[in-house]
Structures are given as C-alpha cells and as structure tokens.
Asker: 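Sharing a structure, written as structure tokens. Questions coming.
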Amino acid sequence: MSARVMEASSSSKVTVEYHDPSGVFPLVSRDIATRLPLRNLNWQSPSRPLRQIKQLHLDFVPDRHTETSLRPPTQNGDSIGPTSFDIVRTGNDPRKDAVKERRHQIPGLKTSPYLKLFILRCDDKDVYKATDRQRVREWLRENTQAEGKRGANHEAFEWLILHVVIPGTVAASEARWRESVKEPDELKERKRNNLKLPGKSTRTVFDRLRADFNESSKNAQDRIAQIRLLKKDVPPDLLPTPAVAETLEETSQERDLAWKDLMDKLKVLILGPFDARVRQYEADIAEQEARRSLAGFNFCTFFIHKEGLAKALESIGLVEDALVIYDELSLGLETAVRELASGEAGRTATTFATFTDDIQARIQEGGKMMVNGTHGNLGTMAEGNRRHADLFSKDYREKIVRSDISVFDFFCYLFSRQKALILRLANTRAARAELGGGGAVKDGGEDLVLTSEVAWRASSFIHNNARMLRQDLYDGSQLNEPALSQTDIESLVCAWTYAVAEHVLSETAAPVLGLAQSDGKAAGPNGTHKLTRLDFAFPMGASPYPQRSSSLMIRKPPPAPPELQRPASMAVESVGSPPSSAGTMDWATQNAGIPGLPELATYRAELLMVQRRMGELLAARRGWRAGWASVKHGKRKGDRALEEVDLDADADEEVNSKTPPEAEESIVSQCLPAYLAQDLESENAFHSAYERLSEQAMRYFALATQTKSVEAIIGDLAVLKRQQGDVASAETYLQHLLPSYEQEGWSMMQAEMLRFYAECLKELDQKLRYVETVLKLLGKVARRKMAQRLPIMRLSYDTSTNDEFNVSGLLADAIAVSANLATQVTSPLEHFFSNLELDREVIHLEETDGFALRVRFTHVLDDDSTELDQVSLRLVGLEDPNQEIRLVSDGAISLKPGIVELRLATNTTAFGHFLAESVTISAGMLSFVHHFQPKTQPTLKLNDDEVFVTTSPSEESRSTQPVIFVYPVEYAFDARVTMRKEVHIDKPRWLEVSLSSGWNEIQSITLRMKPTSAGLRLHLADAKFDGIEHNDKEARKQGQLALCEMDANRTAIVGVPYTVDQATPHISIRLEVRYETSKGSFSFLKSVLLRHELPLDVDVDDIFRADMLFSRFTVRPTAGLPLVITDATLQDSSVYGVDAPPLGGPVTVYANSPLELMYKVTRKQDLEHKPAKRDAALCLTLQYMSTAEVLAAMVQETFAAALQGSEYQRLSRLLLPVVAARCKTLIAGSILEVAVLLGQLKTPSFTDFGWQDIVAPLPQLVRSGLSEWLRGWHREHTSLPVDYDSALAKALSRRLNISVEIPTVDIVFTTSLTLRLDAAPRTPGADVLTLGKPIQAELRVNSTDAWSAHLLIAQSKHKTRQTRPHFILEVQADPEIWLLGGPRRVHFQAVPDDPVIFGVTLVPLKVGEHHLPVTDIQATPETIEEGRSGAKPRDAVTCETHHVSSGRTVEVISDVRQTRIHVEDSAAVDSSLAAQPVGASKPG
Amino acid sequence: MGSRSPSIAAIGIIGRHNNPLHTALFPATGEGHEQQRDRLEYSFMLNSSLDIFEARMPSKTVGHDFGLLHALDERLALYGWLTNTGVKLVIVVDMEGSTAPTPEAGKTAILGLRNSDLAPAFQALQTAYIGLLRNPFYIPDEHDPQATKGSGLASYHQHSFPQRSGQDR
C-alpha cells in the first residue's frame, strides 16, 4: 500500500501535532491510545443541527522539531511500547509532510492539525521558571503567529500544554487534588491561587502553568492539563536520581479524573478549531457558489473547497455529512461535464483533461501483482483487493487542483471516496482495518444495508464509467503513439470493468456471505463440482440459506434508491436510513433476519454477472461462447451454413469475428492484464471461469431468493455443462427449470429450453422423454404459429420474424425415435395441427361399396417432409352409438407445410346420421387425436313409431361435432329387415332379412344380428334361407350366420324366427353384414326398429246352445291406424264345424268403428277319435292392409318411379329411405284418417319432408338441381289417389292367423218355464195372465255334457266324471211383479239328457207386460267340511245356461168382466156408488 | 467510433402473473451497429428483472416508477414501471443504441441517463396500454396463463405504439 492511499484514507482522523522537547510523549502515548477514540462529542454549529460524534479518532503526529531533534528518544519509546500505533504511523510522516507543504496554497488539501500539543516535562518549579516557561512561550508565539499570518480559518487550531509528571520528581509530590469538603468521595481540584499548604510552596508547577498561559478572561478555555505517570511505566533512565522522597501517590480515582480532564480538554479544543474551519469552508463554498454563473468559475477549485469541508467533517467523524457533500459534488461534476459537453459552459474556466494518460498502464499493471491463478477465490480476496486498489491509487487531487484531471479519473476519485465513506459507515472489515482497530474487533457490527449500497453504487459507477473509459481511451488513442486499436480499447474497458467489480466484491465481502461461499468452496478447486438436487431446492424452503420474507423487507427500507441519476437525493435517503441494528444482533443465530443481506447478495451477484459478461465479451472475440449465447451462436452459424447467399448482409455477426482470429488474439492478450488473460488462455479456462462466476452469482441470487435470476443462470450452466460434455447434468439442470417457465408463459425461453433439453435427452438416448419433450416443444411452437395466423395489425417494424422458431425436422425425428418405443404416445391433435376440417359430403368409391370423406388440416410446422403412417376418422351413429365406422387414409402420407388434404375411406356401407367422433393421426408410436367434443351427446326423443331423426342435434353441438349423413351408393349391397307378412299368433314370428348383393360378386357373407331391445331372442339356429346357402362348414358363432356366395344383382331372404319375453311395442336389431368380394372385405351396418305389436285387436264372445255355439269376433285397429280388412275366415277344425256368413268385400276399420264377425260353430258328430286340444281350435284368418303402410308405399313408389326417370337415380339410396322414413312419420293420425276417408292422400310438402337437411351436405353441383327436382315432384304430386286394389296394395296385404280355441263347458243347461194356462191364448205367443190370479208353471231343466272337454278332446283332465255335480237352481223373479209360490232355490243333481222338472206357482202382481222369471243355475259351492279344510277343493264345474223362455213375455191384466155395485140405504150413500170390479179383492 | 446516444432497445410488458404480454425489440441503428437483438437474451433479461420488482415491491408504497432496475453492462440498463393493476412495464435502454444527432449529445450520453428521462416514455407506454384495455375486443384474461390454464396466447401484439417513444430527447 502506498503512502498516497494512506493519506487519502487517514483523512478520517483528526490530526494532533505534538511538540515534545523532552521526549516523554511515548510515555503517555500508550495511555492515550487506550482512551481513544474520543467518544460522544457534541458539535453544535449555528447552521446545522446538533451533531453527536460518537467516535473521534485521533492521529498524533510529532511536529518538525520533535521529529528531527528527538528521534533517538522516539526510537527508544518505540522499543518500550511497540503497540503504540502512533509511533508506527510516524514512520511515514516525513514524506507526507513534504507533500503537504508543497500544496499549501490550496486549503483543505492537507490535514493540518486541529490541536497542537506541547508536552512539557517539568520536574519542579525552578526548572520551570528557568527554562520551561520560556520554551513554552516561544513555542506559543511561533505557532500562533503562523496562524495569524495566514489570516484564514482553514487551518484553525488550538493548543494545549500537557504537563507530564514523572514520578519521583518534585512536581510529582505536588498535590493536585484535594478532597471535597462536602462530599469526601468527590475530589476537587485545588484552588489555583492563594492556596497554602504547610511546609510547601503554595504554587505548584501546574498552578504556575495555568497562571502563565491561561487567559485570564472568564470564558477563556483551560489549555493546561496534567498527567502523572506511574513509576512502573517510566523507563528508569528517565527517572530522576535521586528521587524525591515524598512522592505523592495518586489514587486511581485521582488518576481517572486527571485523564478525564485531559480528554475533555482534548474534545473541547478539537471541536473549537473544527467549528472555525467548517465556517471558513462554508464561507468559501458560498463564495464559490456565488461565482458559479460568472466567467472564470472553475469546478475543480470549487471541488477542492467543498471537499475540504467534507474532509473536515469526515475527519471529525461525521461521515454521513461528508458523504452528502461528496454526493453533491458528484452531481455537481456531472452537471459540469454535461454543461461542458453541451457547450453551455463556455464562460466557465472548468477544464478537464481530454483523456486519462495512465489508465492503460494501471489496468494492465493490476495483473502483474498476481501470483497464482487462483485469484478471485475467497481465500485470495484480500490479495485481489490490494491488487485492484491500484485502479484508484493515483494522486487525483493534485490533478484536480491543476484542473487537468480527466473526467474519468474524476468520477473514479469520487467513487472511491464515496465508497470509502460508506464502507466506514457500514463498519466493514476493510474500513475497520484502516481505522486501526480492525484486528481486535470481531466480525459483528457490520451494516449490510450500507455494504450493499456500495455494491449498488459500484454497479452503476462501473457501467457509466466504462462508457467514459471507452471514450477516454478512444480520445487518447487518437493523440498517443502507438494508437490503440478498437479491440484494445474494448479489451481494456472489459478488463477495467472486471477489475473494479472484483475490487468492490472483495471490499463488500461480508463474513455472513460465507454461508453462500462455503458451498462454493466445497465445490472443489477446479470447478468440477456438480450441482446436487439440493441446489435446486431453494425456492421450496429446503435451503440452508436465509430466506427473504416480505415482512423483513417492510421493516427494512431498501438501501438501493430507485434513482441512480440523482446521487444527492439518493445519498440523503441512504444516510437517513435508520442505523443498523446488526451490531447488536447475534447474527450467527439470527442469520436469516440480517437486514440488507438479500440486497447485498443481489448486488454482489450482479457484479459477478458483470464480470462474467466481461469474460464473455472477451471470449467472444475468440469465438468462444458459453451459456445460451453459445446456443444462439451455434444456431446462427447453422443457419448461415444453410443459406450462404449474402455474407455481406450478415451484419449481425460481431464485427471482430470477421478478422482472422490469430492476428486478433495476440492483440487482445497484449492489452489484457494477466489475471484476465489467464482466464482466456484457452476455451476450457474460459469455461471454468465462466462456471465459477456463474455458480458464485447463482449462490448469491439464491441467497437473495431471486429465483428467476437463479433459473437463468442454471440455464446457462446447463448449456455450459453440455458444452463441457456433461450432458447428464445438463439434463438434470434443465429438468428443474422447465416447469417454472412453462407456468408463466415465457414461451420463447421455454421453447429454447425445451429444444435444448430435447437435444440433451437425445444424446442421453432417453427416447420416451425425448419424444415427449419434442412433442411439447412442437406443440408450443405450433400453437404459437397458429395464433400468429390470426390477422393482427403489427408494428410497422415489428421484429416478430425473430419469433420464428426453427423446428424443422424435429417432428420427423421424433417419429423416427418413437418407432422404438414400447408404448403409444398420445397427444391432442389440435396442439400440433390447426384448422382441422371435415367435409360433410360423402364421396362414394368407384365400383366398390363404402365411401370416403375428405379431411383437411394445416400443418403449421416448417417440416419439410414428415411421413405419417395413417390418418383415421371414427364415426359413431347418431341414433345408435354402437354403430361405428372407421375411415382410414390409404398408405403413408408425406406431410408438407401448409394445408393437407386427405381422403379417408372405408369399406363400410351404412345409412343415416353419423357423428364424427375423433380423428387420429398416427406416425410411429405417436398418435395425435382430436375428439370432436365427446361429452354432449344429443338426446333423441323417439315417437311411438319408428322415427328417423329429422331434428338434427342442437346447433352448438353440431358446430363442434360434425354430423355426417352417410348413404350408400346406388348399386351397393343392401340388407333390409322386415316382419314376415304372415303372422300366426301362436307360433314364433319371423323376421325376414332380405339381402341384395348389388354389384358385388360376393364370396361369403357373415350376418350378425344382435338384438338391441330387451327380451328379444333371435333364433338364428332356426333360420331359413331362400336364395342363398347356409355355410355349414363355418363354425357357428353366437349371433352370427355364415352364408355362402351370392352373385351380383341377386336378392336372398333369410328368415329368422324370434320371440320376445315381454310384450313390447317394438323390437330393435343391429345388423352387421360382412361380405367378402374379390375386391376386399366389406361391411354393412344397419340398425332396425320394427313394430312388433299387431295392428289389430280381436275379441271373441261365445254363446252356447245345447247343440251349437255362436262366436262373435270384434276386430278393431290398435294405435288408431285405420285398417282395411280384405278377408276374414274362420276355418273349421276336426272337432268343430263352422258356418260363416260371407264378408262382402274389403272393409275399412277405424278405431271407433270396429268390425264384428259372427260365426256359428257346431260340434262334428262323427268323431272317431278324440283330437288333441290344439287341433280342436279353430283358426281365424284375417287378411288386412295397414292403410299407413299402403299410403307410404304409394308415395314411395310414385317417388321412385319419378326418380327412375330423372338424373338423380344414383342418389336413390339416399332419397328413397328418406322418403320411407318421412312417410312413416308424416302419414299418421288425422292426415291418415282423412286420406282413408277421402280416398285421396295429400302429399306432405317439400318443407315437411325436410329435404333441405338432406340436400345440404351434398356437393354444390348436385344440390340446387336436386332441390329443384324435389320441389317439382312435390308440386306435381300434391295428392295421390288411394287404391287398395292395386298390385302394390296387394303386396302389402298381411295375414294374421289367430287360433280360436272353443271353450269347453262341463254342463250346458237348457231351461224352460212353461205356464199351465187354463185356456189357450187367443193370440199365440201372447199369454195373458190375470192380475192376482195364481198360475202354475213348469220349470223344465235339461242338461247336456256335450260341450264338456272329456267328451271332445283327448288328454283332457276331465276324462271321466267321478261324481255328479250338484247345482243350485234359483228362480229370479222381480218381487214387485211376481209373487213366487214354491221354492225359490232348488238343489239338484244334473244328469245329462235327463230333464228335471220343477213346479212353480206364479202370482202376477202388476198390470202390464212382463218377462217371465228367469232361472240361474250354478254349481254348488264347495262345502268345506269341518276338519277337512285343508283338503284340495274339487275342480269347479263349469256350466252354461241357455234359458229358452228368457225372451217370453206375458200380459197381465185385471179381470174386469164382472162388476158388483152396492147401493147404500141413505141417499148419501148413492153418491158414493162405486163400481167395484169382480175379482178384485173383496172387502170382507 | 462515432458518437452514440441512448435509445430504447426493448420494451417488455409483463402481466400481473409475471406472464409476458408483449416484447418489442428495437435494433440499434447507425452504421456498423445494426446487429439484431436476440429475443431469447432479452427474454431472460426481462424475466430476471421480475426478481427486482418483487424484491422492491413490499417497500414500494407510492408511485409507479421503479427507476433503474438493473444495469447489465455499460450499454444495457433496465428501467421499470408498475401500473396499479400489477402490469409491469420494462424498458431496456441501450446507451449506444443510435447515432448521436450531435457530438455534444454523444458526450452527454456517456454520462448516462437521468432517471426522469424515462418517465415520459413510461407514461406513453402506459397510455398505450390503457388504450389497449379500452379496446372492447381485447380481453385481458385471454392473455393470462393462470386464467386460461396456459393454453392462451402467450402474447398480444399491440395495436399502436408510439415509435421509439421517449428516445433520447
């Protein structure tokens, strides 16, 4: 360390000059040193608030006289007290003094003493009188005169006479203190004068001194102090011989008082001149300020004056105030420079040197001192500090005084001063060392907030001044020889920046940062350290480093003020920040809460990054790169290799890279200091330096929890690792980075990372992850590109072309790699390909069944050629989701950027609406799937009848999920399922599957039928084949029928019986036909819904007679559909004969006008054997047509006929089914009934048919024509006549066979009631009875068992009659009409063919025509005998009664042939003459 | 070596959730200086600057201006501004971004920018952003990765922007 540096730094102390003619100063210096620095001085200046100076460091220097004359004793003293710092310091003084003296004309430049100290050894009064008084007088005169000569207060000082009393002298025996009268413990100084001690002279030396030299005025300061030395402290050669006997031993209290007295005097006497000086400086400054606008103002002069004040303040310990002044000065300098630059300062005399002459040397010199290559590590920090301190070691002030300092140097000087002041404030190690106490004080008490302030200021200083340096060097090189090249200048600037950063880093190295460092040290010396997982754990709180929390930040205002460019305000802010509490904190335990630590770490990290950047810049000149820059560079190089068309236009390359590297290298290395040159020796050295700096910075950032910066550095390190060949750790690094970038949408960075990551994975041969990463990357890029296709207004010169992220070849690569994967990798299609479109138009294949759809999508990536294996589309039936069609592209597809159009074909034939479910693009093991919104399936509401969906799914789902109307080509294979026309109600019903081969030469058919409604069983085993052979060789599979070959244009019918478990109105079946032709394998899909319920109901009513049976059939249509019954017959069976009336032609039956048929059934007498019950049944055959079917068929036929002649025949397979379906729904209800009644059908309109929906997806070419044609057809066929006799209607005629079982009755009774009339009725059939006249009647009951089962039917349960059943006959007569004589109820046993006769007396009670009473016969109810209640009851005996006389009526009249008239005696009675009929009940 | 003066090198608009909304790069002008700015590099730069926003946020009570965030080297420095909706505006200034109009300007440029120099630029940016928000077709949430689960467009393109606003006045 040179003397100049020390001079600059020692300005933080107050100089006290001592005159020590007797050489005793060394004796007291040790004691003084222990009492230094002075503490708690209060300085009050009128212009300023009260300042407390906590510590004031004193610097004792001997004056010239002492130095020259008394060197030997000083040396001597030195040997006595080697710890006395001031003696050590004096060693350098002569040079300093010399410098000082030369600069006398400028105030403030030298550290003139505030206090001059005369150290007087005066052993007794006599000596004093003789010589010492004179000596002191002379010394005083000399000094005070000098002061007067100058006439300014720049060098204001005070003087003090320190009387050192050597023990054993007379003076030592003179008491100074006496005990206080009032308080014994308090010592009082003896009175100065007129104090008389017995036996001694009243005036001590001390008293005399006071009397002689102290001014007598009241306010005068006491400038005399006395210190008594202890005997042991004094070297024997100084002790008087012989010693005075009565040496007064000082008590320790007295000693303390004496010392306190001295120290107080020092304080007062230092503050006095300090105050004077400050005023003087302030006056000077004010004067200068006033002249600022005048011509001839020189900033340098002003600066010197103002700095004088700053130095004064600093020296007295008011560092904050000094800092404020420096900040003001730096602002002032900036203003001055600005004015100068802008030419506004023409009138001022401020001049600066145009360039810095020695900076190049200083920068380069820095490296010479370096010994080893381990610079920059923690251990060599101090060395680095010393090394780079040279950058600021220059006698700036001299140049300032001469006004020829360069601006660069000026700023450097200001920065170094500010830095020193803040560091002193921050109480850093460096500052403490300078103040002397450093070694002893432990590491506590460092204010990191202020330390970080230094780092913060340093970074802005570095950046601003680097620019200045460049300009400076440039200017210098213009004038100097040899001229520096541009490269040299750049190198020098880099080197300077690097060095200053290093310097500041070493000065701000707080011990607490060692926490961060310790890891770094463990990393190993040559940077081979690998980051472990723990290193990445910092954001999650697993870090050993202190975390910064927001509460901490609130407590602690940041040291970094937001405005760099206003240093004055910044300084105020930082100075005004609360004093650090770090000193009192047990920082080891409260590590986390250290204020300012995060900031310090951040700024240090930034400095490290600056260093790294400089390294990068220098390395880039040699073409070495690290971190992301290398990736970028590599990429750019690659790009250029591809298109080396215009090298001239390639301006984005660095200028220097064009020159040959060899020539350049030598130049660079010349200009670089050795420490940098070493880092740039080789690429590897550069890399390790880069890594070292990065890791260090990363740790600091981590300490400050600046995660984003950490991540950025980790990214750099990852790239570096890969450059170094350590791909695995690069991969690990990146793996941790990716999620955070992904989250926040920094897509650019993420994309780069992903690509790099992918490259790493590829090198590591991690195929699956490689593929996944590439897909992620591609998805990202593709999405971005998709977004960019949107029409967006751009900035006129927006550089968004830079966004283009070249990913060509990656997709193909990923596909190739994926081929080796074990599992399929599925990703959403829409992330990679945009504008997926599906044509709704069905394209029919030529000459084969099946169809194709066109699909389009945009390949947004810039891949030149990517091979896709297959693109497939899945369609799902709208009504029946189990119907599924898969369309595939044929063969591999070569993908080009832009729109890709593909034809996806299938061999499946189907009809109906299908929903596009998903599109899958597969390549290798990759598949990209797009689902067309699978969630919201449209719900279909089916009517009672079979329904085709005319209402398409809701708009929103249609928009997302395309509905495709699939229909077959005209000549395609077809299969139709119908009900067999003839239905026998007791037998399984039949389905008829009619297959038509179309144009296919079918080799084999597999028919799969699957019931889809509940309870339906298809009995495929019992299927019957017509027109096709069943292939028996084929193994039978559940639900399948294997069929043989079928020629083209043939039809065949397969009948399949079925049963249902429960009565359902409909059955549904899914039909799947696979057929092989020479052109391949095809399939046909259809789901069928058929009406199972019969269209009519038949009710039977039977009326028994003894010898015949009348059956009445009521036929009524179900579901309200009118039917036409063309024929109805009841066939007789082996047991029964039938007599039927003829049905006169077809009858239309409506729901409310049913058809009634009556048949007479007789028993066939000649039964040789009893037939089975089944055979006994009669069979009712009904031939009928459903009018709805007929009408629908009519419409269809008319339509088909019209179509046949038109050009749209090829669409018949589309149109006809639609017509059929529409007819089914439209021709129903009242329309149907009206049509049937009128015999004419009003054809539904074009709109009712919903043709628009059908026509819409057709090709444009066909659409309008077809639509027109259809409209025309509807116009022409507004109504159609209904003709039930046509062949078509005949073909639709259905037959229903109902077996009618004739019920069996055990006994049929024939009862007849015969009246025994007196006279034969006058008119036959009209019996006349007389009212009230009893009449005898005969009730004859005939019974027969002719209808009983045991007679008629074999295997009947009632083979024989075990018992004769008992019956109850009851005569039912209305009691108001008939009075019944005889039993009303009779029990009797019926014996067939044996009539039973009962007599009954009837008395008619009412006049009028009345029915005869009827009889009712019932089997005797079971009498349950007691105790046999559990016995099985006998089968009930059934009986029917035919009451022959039930219809007969009788006339009841009153008998009025005789009338008796009775006349009373009195005349009065005559009037009551009444004719009373004879036969009427006579009174009496 | 001609005199250079500062110009805006890049403007970054960063959303409330630290998602980038817009990044515009302005290449340096002048002969021999036209090298393209690397978007990736600037992305990293802007991303790292978020740390500083975050660190200063708790103590920042009044005002939008974050001033100098971070000086990268002698050429590039980042300045920040925070709107009260949490959108961060970052301007990267290239101290040698353009040719100085006058030699004097070149000399003053060496001294660096005063903080107030950028305030008008930030105000212009904020006005432009407000204008964008008032556009009924711009839905801010569409550009928020947290609202759109990362599938949203990562950036928007500003509709109009004062060209090189606030450049060395």
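Nothing here was measured: the structure is a model prediction, and the numbers come from that model. Order of the sequence lines sets the chain letters (A, B, ...), proteins ahead of strands, with each chain counted from 1.
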Asker: So which of B:Asn47, B:Asp51, B:Leu50 actually passes side-chain contact (heavy atoms from CB on, under 4.5 Å) with A:Ser709?
Answerer: B:Asp51
Asker: Should B:Ile52 and A:Glu606 count as side-chain neighbours, where that means a heavy-atom distance under 4.5 Å?
Answerer: yes
Asker: Less than 4.5 Å to any heavy atom of chain A: does that hold for the side chain of B:Leu76, its backbone, both, or neither?
Answerer: side chain
Asker: Can you tell which of B:Gly15, B:Gly80, B:Ser43 has the highest number of heavy-atom pairs within less than 4.5 Å of chain A?
Answerer: B:Ser43
Asker: Any chance you could lay out the side chain to side chain contact (heavy atoms under 4.5 Å, CB included) test for A:Ile713 and B:Phe44, step after step, and finish with the verdict?
Answerer: CA-CA 10 Å; A:Ile713 296 178; B:Phe44 272 116; over 6 Å; no
